[in-house]
2 protein chains.
Amino acid sequence: MNSTSDEIKDDYNFISEALIDIYDQIMRIEESEIRKSRFKDITAKELHLIHTIGLHDRKTTSEVSRVLKLSKGTLTANLNNLEKKGYIIRMINQQDRRIINLGLTSKGRLLYRANYAFHRQLVESCLKGFDGSDIRKMRQALVNVEKFIDEVSSK
Amino acid sequence: MNSTSDEIKDDYNFISEALIDIYDQIMRIEESEIRKSRFKDITAKELHLIHTIGLHDRKTTSEVSRVLKLSKGTLTANLNNLEKKGYIIRMINQQDRRIINLGLTSKGRLLYRANYAFHRQLVESCLKGFDGSDIRKMRQALVNVEKFIDEVSSK
DNA sequence: CAAAATAGTTTGAATTTCAAACTATTTTAG
DNA sequence: CTAAAATAGTTTGAAATTCAAACTATTTTG
């Protein structure tokens with residue numbers, strides 16, 4: 001297929017505008033879907049934190065605060081909330097007792113999987129009708145964005 | 001090109017995970033780039049608000065709070081901040097003097113354009129090496145996500 | 001083994017948010 | 001035509017979120 005430069009420019013604008021709107025909406029819908037389920041006490045931010053803690057990684061508080069770019073104090077507060085609500089557990093590392101390893105409770109793991117399923121659904125709907133080569137393109141686009149982000153942040 | 005079902009499944013996972021990370025990073029980098037420029041007093045949220053107010057729309061406070069899903073009180077507070085910092089103006093609507101129409105000052109318009117340029121750069125880097133038909137696919141993917149979001153929110 | 005470094009928590013202040021009450025204005029219904 | 005209802009936006013007070021700095025407990029280093 002061929003395209004004039006103007007048509008492509010128009011696509012760029014469309015994509016740029018759509019991206020801004022879509023992300024906002026996804027965050028909102030992700031939270032509201034979760035709140036319709038048995039996990040009514042969870043915010044989008046907490047979802048993100050639970051996703052970062054992950055199923056089997058036993059990450060430390062410092063690791064998580066570095067990844068999420070939250071101060072250690074803020075993360076402690078967030079973890080207290082999630083612990084109170086029964087989603088996460090703190091485990092003292094027996095090799096180095098300064099360190100807390102983080103894990104999900106069974107409730108936390110259920111939530112993780114529900115959220116993961118939602119993301120999958122979203123990606124599947126996004127790529128509906130795409131073949132293997134289309135999907136590879138999509139992947140490439142994301143790699144490009146990651147590269148762009150790296151370049152901008154390291155300059 | 002041909003792909004096995006397993007390869008495709010792997011791509012789905014990659015895309016799903018990448019999307020989660022990327023959004024977070026974009027927000028952060030967007031703010032940090034803006035803060036390196038003459039607009040040092042602006043947060044990512046304020047950037048989003050300025051984008052929503054837009055260059056020429058003269059939206060009302062209610063419209064903006066509906067779009068951004070912020071309470072009217074919260075929006076009033078945000079607008080006060082941006083007004084104090086010289087980015088926006090409130091204009092009393094002379095047809096209906098209850099209504100405030102919102103506009104950007106020249107400083108606000110400069111910021112809008114700088115942010116817009118950043119988004120364009122991002123999208124351009126994302127689509128580097130893509131031809132017209134690839135780009136159309138990309139557009140389709142976003143339309144698909146929008147449709148998914150609409151379906152989920154209306155069900 | 002004492003000093004420095006590290007992991008995580010606590011503290012106090014600043015910011016952001018919301019819902020509800022409030023003010024000003026316009027629309028509606030009798 | 002006017003009193004009541006509705007609407008647009010602001011104010012208020014409380015709750016939640018965040019951060020940096022001080023702090024506690026533990027481990028590493030010299």
Side-chain angles (χ1 to χ4, degrees), chain A residues 24 27-28 30-32 34-35 39-53 57-85 87-104, chain B residues 24 27-28 30-32 34-35 39-53 57-85 87-104:
Chain A
D24 222 44
M27 295 292 285
R28 214 145 30 218
E30 199 174 10
E31 177 174 303
S32 77
I34 282 295
R35 280 168 167 282
F39 308 109
K40 299 193 194 315
D41 54 358
I42 289 293
T43 65
K45 273 174 193 168
E46 289 174 323
L47 220 37
H48 195 37
L49 174 49
I50 282 170
H51 180 86
T52 303
I53 290 173
D57 304 344
R58 306 206 154 215
K59 295 200 179 80
T60 67
T61 299
S62 296
E63 281 174 320
V64 172
S65 79
R66 198 172 336 110
V67 171
L68 296 182
K69 260 110 180 167
L70 293 174
S71 73
K72 294 189 300 173
T74 299
L75 188 57
T76 293
N78 291 176
L79 292 173
N80 289 343
N81 290 339
L82 284 178
E83 197 177 39
K84 239 177 290 164
K85 293 192 248 182
Y87 291 94
I88 65 136
I89 41 168
R90 290 171 156 111
M91 294 165 289
I92 295 173
N93 184 311
Q94 290 307 328
Q95 274 71 57
D96 181 342
R97 298 201 344 276
R98 290 169 303 184
I99 294 177
I100 303 280
N101 289 111
L102 299 171
L104 300 181
Chain B
D24 225 43
M27 294 294 284
R28 218 151 20 225
E30 200 174 9
E31 178 174 302
S32 77
I34 281 297
R35 279 167 168 284
F39 308 108
K40 301 194 194 314
D41 55 357
I42 287 293
T43 66
K45 273 174 192 169
E46 288 174 324
L47 218 39
H48 196 37
L49 174 48
I50 282 170
H51 181 86
T52 303
I53 291 173
D57 303 343
R58 308 208 152 211
K59 295 199 179 80
T60 67
T61 298
S62 296
E63 280 172 321
V64 172
S65 79
R66 200 174 333 110
V67 170
L68 296 182
K69 261 109 180 167
L70 293 174
S71 74
K72 294 189 299 173
T74 299
L75 188 58
T76 294
N78 292 177
L79 291 173
N80 289 342
N81 291 339
L82 283 178
E83 197 177 38
K84 240 177 288 165
K85 294 192 248 181
Y87 291 94
I88 66 135
I89 41 168
R90 289 170 155 112
M91 294 165 285
I92 296 174
N93 183 311
Q94 290 308 327
Q95 273 71 56
D96 180 343
R97 300 204 338 280
R98 290 170 303 184
I99 294 176
I100 303 280
N101 290 110
L102 299 171
L104 300 181

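Below, chain A is the first sequence line, B the second, and so on; all start at residue 1.
- The side chain of T60(B) lies closest to dG9(D) when the candidates are dG8(C), dC19(D), dG9(D).
- Comparing dT10(D), dG8(C), dC19(D) by their nearest atom to the side chain of I100(A) picks out dG8(C).
- Contact between the side-chain N/O atoms of T76(B) and the OP1/OP2 oxygens of dT11(D) is not found at any separation under 4.0 Å.
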* To do: Go through the steps for L47(A) and F39(A) under the test side-chain contact (heavy atoms from CB on, under 4.5 Å), then give the verdict.
  => CA-CA 10 Å; L47(A) 220 37; F39(A) 308 109; over 6 Å; no

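- In this structure, K72(B) and A77(B) both approach DNA chain C, and ranking their closest nucleotides by distance from the 5' end singles out A77(B).
- Base pairing of dA20(C) is made with dT11(D), judged by Watson-Crick or G-U wobble geometry with both donor-acceptor distances under 3.5 Å.
- Between E46(A) and S62(B), the residue anchored nearer the 5' end of DNA chain D, judged by the nucleotide with its closest heavy atom, is S62(B).
- Side chain of K59(B) to backbone of T52(B): a donor-acceptor contact under 3.5 angstrom is found.
- Per the geometry, CD1 belonging to I92(A) stands 21 Å off P belonging to dT6(C), to the nearest Å.
- S71(B) comes within contact range of at least one nucleobase, with a heavy-atom separation under 4.0 Å.
- Applying the 6.0 Å contact sphere to CZ of R90(A) captures more than 12 heavy atoms from other residues, nucleotides or ligands.
- Distance, H48(B) NE2 to dT17(C) P: 12 Å, rounded to whole Å.
- The shortest distance between the side-chain N/O atoms of N93(B) and the OP1/OP2 oxygens of dT26(C) is not below 4.0 Å.
- Checked against dT27(D), dG9(D), dT16(C), the side chain of R97(A) finds its nearest nucleotide in dT27(D).
- In this structure, the CG atom of L79(B) is 16 Å from the P atom of dA8(D), given to the nearest Å.
- Rounded to an integer number of Å, the gap from CD of Q94(B) to C1' of dA24(C) is 14 Å.
- Contact between the side-chain N/O atoms of S65(A) and the OP1/OP2 oxygens of dG8(C) is not found at any separation under 4.0 Å.
- One finds a side-chain N or O of N78(A) lying less than 4.0 angstrom from the OP1 or OP2 phosphate oxygen of dT18(D).
- Residue V64(A) forms a side-chain contact (heavy atoms from CB on, under 4.5 Å) with just one option from L70(A), L75(A), L79(A), I100(A), and that option is L75(A).
- For the side-chain contact (heavy atoms from CB on, under 4.5 Å) test with L49(A), the passing option among L102(A), I88(A), V67(A), L68(A) is L68(A); the others fail.
- Between R90(B) and dT10(D) there is a side-chain N or O to OP1 or OP2 distance below 4.0 Å.
- Separating the CD atom of Q95(B) from the P atom of dA8(D) is a distance of 15 Å, rounded to the nearest angstrom.
- Between dT17(D) and N81(A), a contact under 4.0 Å exists linking OP1 or OP2 to a side-chain N or O.
- Here dA6(D) is the nucleotide among dT9(C), dT18(D), dA6(D) with the atom lying nearest to any side-chain atom of R98(B).
- In this structure, R35(B) and I42(B) approach most closely via the heavy-atom pair NE-O, 3.4 Å.
- Proximity note for T61(B) (side chain, C-beta onward) versus dT17(C), dT26(C), dG9(D): the nearest is dG9(D).
- Whole-Å rounding puts the D41(A) CG to dA16(D) P distance at 13 Å.
- Of the candidate nucleotides dC19(D), dT16(C), dA19(C), dT16(C) has the atom lying nearest to any side-chain atom of K45(B).
- Following rounding to the nearest Å, L70(B) (CG) and dA19(C) (C1') show an atom-to-atom distance of 14 Å.
- Within the 4.0 angstrom heavy-atom criterion, base atoms lie near T74(A).
- Among dA6(D), dT11(D), dT26(D), the nucleotide with an atom closest to any side-chain atom of N80(B) is dT11(D).
- Between I88(B) atom CD1 and dG9(D) atom P the separation is 12 Å, expressed in whole Å.
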